[in-house]
Amino acid sequence: MSQAKMEDIISLCKRRGFIYQGSDVYGGLSGTWDYGPLGVQLKRNIMNLWWRMFVDERDDMYGVDAAILMNQKVWEASGHVDTFVDPLCEDVVNHRRYRTDHILKDNGVDADGLTMEQMDELIAEKGIKSPDGNLLSKSRTFNMMFKTFVGPSGGDSIEIGKDVEGAIVPKGKTIYALQYNPTSISYLRPETAQGIFTNFKNVVDSFYPNLPFGIAQQGKAFRNEIAPRDFVFRSREFEQMEIEYFVMPPNRDGRSHEKGEKHLWEEAFAELLEKTHEFLEALGLNPDNIHELDVPAEDRAHYSDKTTDIEYDFPIGKEELMGIAYRTNFDLENIQRVSGKSMKYTIKGTNEKFVPHVIEPSFGVERVLMAVLSNAYREDEQNGEKRVYLALPEHLAPVKFAVSPLLKNKPELVEKAREIYANLSKKNPGRVMWDDNGNIGKRYRRQDEIGTPHCVVVDFQTLEDDTVTVRERDTTEQRRVDVKDFIR
Ligand code: GAP
């Protein structure tokens, strides 16, 4: 497990401008988080790396950026309206609500794969109470999608008068109620995947790629989690990076297990899993903390015939970082059924038509970011003092270089440092920080805490021979470097 403690990471994130509680000034909004200047940069670096490795460096991937609000039929067809639910139970005295499997987990019982009824039985059998010591209700399902209304549907108000049965209207008053048009109902998307599936036909019509090919998307997803917890790990608003990789169906690919062959979807699954490991390596994550879990059938999402989760040793324990699922033709078949439009792909130059099958690697950005932060968090001792630093890989660090004049009251040093700062910034836009606050030791500590790999200090020798001191974060070593070589 990671050596970093969650509370240390949360405190550093807030103190140093990575991540703040959402709506903090009003007492917060549970399950929402705001990214500060350094958090934005770190998140972008992670997302850009993913896009580069999974989309830009391949010729079989196409990017989309679909609307968050989608026609309600999307979520009916995908099964989310009926099945995107978690088990909810309630404290019968104070009516606080809990996720039943979390209540069991917090009492040392693994609820993976259990039905809601089995969970209720276990709670009764073991006499498990709510965290406030009260009895718990039987569980019911709770749909995690945020519902909303599109357009001015509230404008069609109806008058509630004495002729409306059951309405209590104060004498002489007219009360208006909003009448929602049921077709105006929409949902904040709980996964980015559906924005990919609904664009499958568009991309095929525009580009006609050869199979196999993938469509990738990054963007916000929303889930009304019963119990958001563990910092950004389980939030109500978060970001996903997903790919739907379309392959030939197993009954058409001419492969057979009997002959010891793998189906094309299995090959694609293995390739994307390998690529995932390459990405995790490029993030600098310690491979000892990365684990594969073949998810048993009873724990898989309703659409999946095979899922491999990548679990990571977070400070909160071993938990899901991302997952790869074989979604078969579940989604495209459902779109075809509900929309009445063909989702068939025709092999070029033939009449061979079929609805492709799909492999889906799905990453949560916040979980990747949490893994990166907990992997990088270090404490050591320098000159008898505790030091905290983030050993972030240079390509992820929000700030690559901090530039300082040794003394901020010496105009000649400031001028030279400003010149170097400007040149470095041109080469590394947005990744260079000017820092002349406090003494040099304090600047180093501050930069260490935000993971800046190199601190550049301009001193009197710089004015004579155009060299600077570069101090390295991890080793604290200082080198004398020629400015020309350095800025190249
Ligand atoms: N399209 C498939 C899908 O959405 P999922 O396992 O429900 O699958 C994929 O979610 C990834 O999204 C998870 O592995 C996790 O990294 C991230 N994720 C899911 N719920 C989350 C939440 N409430 N907060 C932060 N990340 C979440």
Side-chain angles (χ1 to χ4, degrees), residues 19 22 29-33 35 43 46-47 50 64 66 68 70 74-75 78-80 83-86 99 101-102 112 142-146 187-198 200 214-245 269 272-273 276 279-280 283 285 290-293 295 299-312 314 316 318-328 330-332 334 358-374:
I19 301 173
L29 178 66
S30 169
T32 66
W33 299 93
Y35 284 82
K43 189 157 93 151
I46 290 171
M47 292 175 81
W50 185 92
V64 292
I68 287 173
M70 303 178 83
V74 169
W75 307 109
S78 68
H80 282 79
T83 60
F84 196 59
V85 291
D86 269 341
R99 231 176 96 168
D101 54 327
H102 283 179
D112 279 356
F142 173 77
N143 193 298
M144 286 192 287
M145 284 198 293
F146 282 101
Y187 304 90
L188 299 186
R189 66 182 180 202
E191 60 169 10
T192 58
Q194 293 305 322
I196 298 179
F197 288 121
T198 49
F200 165 74
I215 306 181
Q217 174 163 231
Q218 297 184 331
K220 291 269 186 179
F222 304 83
R223 294 183 188 180
N224 197 2
E225 294 282 354
I226 295 169
R229 56 186 192 178
D230 300 321
F231 194 33
V232 294
F233 182 85
R234 190 175 304 286
S235 337
R236 292 191 165 128
E237 178 177 339
F238 55 100
E239 216 143 355
Q240 288 187 320
M241 310 185 280
E242 298 199 298
I243 292 167
E244 303 306 330
Y245 196 73
F269 195 104
L272 287 164
L273 183 57
T276 295
F279 173 65
L280 301 179
L283 293 171
L285 298 183
I290 296 168
H291 314 278
E292 275 181 24
L293 171 76
V295 180
D299 289 342
R300 291 199 290 256
H302 59 281
Y303 47 71
S304 175
D305 260 19
K306 174 182 169 71
T307 299
T308 299
D309 277 350
I310 297 287
E311 297 189 317
Y312 186 77
F314 290 100
I316 51 170
K318 186 160 74 155
E319 295 286 350
E320 177 186 330
L321 172 67
M322 62 79 62
I324 305 188
Y326 171 38
R327 281 180 91 131
T328 66
F330 177 86
D331 299 271
L332 291 183
N334 281 331
V358 156
I359 309 298
E360 176 194 71
S362 175
F363 294 77
V365 177
E366 279 68 13
R367 293 196 187 175
V368 173
L369 188 129
M370 233 177 97
V372 165
L373 282 174
S374 57

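Note that ligands are numbered from 1 as they come in the structure, with each ligand's atoms numbered from 1 the same way. For the single chain, residues carry numbers from 1 onward in sequence order. Since the structure is predicted, the reported quantities are computational estimates derived from the model, not experimental observations.
Below 3.5 Å of separation, one finds no N or O of Phe363 facing any N or O of ligand 1. The N/O atoms of Pro190, backbone and side chain alike, include none that comes under 3.5 Å of an N/O atom in ligand 1.
Looking only at atom types and distance, the side chain of Glu292 has no donor-acceptor partner in the side chain of Thr308 under 3.5 Å away.
Ligand-side atoms of ligand 1 in range of Glu242: 1 (N), 2 (C), 3 (C), 4 (O), range being under 4.0 angstrom from any heavy atom. Listed by number with element, the atoms of ligand 1 under 4.0 Å from a non-hydrogen atom of Glu191 are 1 (N), 2 (C), 3 (C), 4 (O). The Glu225 neighbourhood of ligand 1 comprises atoms 22 (C), 23 (N), with distances under 4.0 Å to a heavy atom of that residue. Counting the atoms of ligand 1 from 1 in the order shown, those under 4.0 Å from a heavy atom of Glu320 are 6 (O), 13 (C), 14 (O). Heavy-atom contacts of Arg223 reach the following atoms of ligand 1: 3 (C), 4 (O), 5 (P), 7 (O), 10 (O), 19 (C), 20 (N) (cutoff under 4.0 Å). Under a 4.0 Å criterion applied to the non-hydrogen atoms of Glu360, ligand 1 contributes the atoms 1 (N), 2 (C). Contact atoms of ligand 1 toward Met322: 14 (O) (distance under 4.0 Å to a heavy atom of the residue). Under a 4.0 Å criterion applied to the non-hydrogen atoms of Tyr303, ligand 1 contributes the atoms 2 (C), 3 (C), 8 (O).
Between Tyr326 and Phe269, the ring center distance fails the sub-6.0 Å criterion.
The aromatic rings of Phe84 and His80 sit tilted relative to each other, their planes meeting at an angle between 30° and 60°.
Between Arg229 and Glu319 there is no salt bridge, since no side-chain N of the basic residue sits under 4.0 Å from a carboxylate O of the acidic one.
In terms of protein heavy-atom proximity, atom 24 (N) of ligand 1 is closest to Ser235 N, 3.0 Å.
Looking only at distances, a side-chain donor or acceptor of Ser235 sits under 3.5 Å from a matching main-chain atom of Val232.
Assignment of Arg327 to the shell around ligand 1 is supported, since a heavy atom sits closer than 4.0 Å.
Of the heavy atoms in Trp33, none comes closer than 4.0 Å to ligand 1.
Of all heavy-atom pairs spanning Phe146 and Arg223, the tightest one is CE1-C, 3.4 Å.
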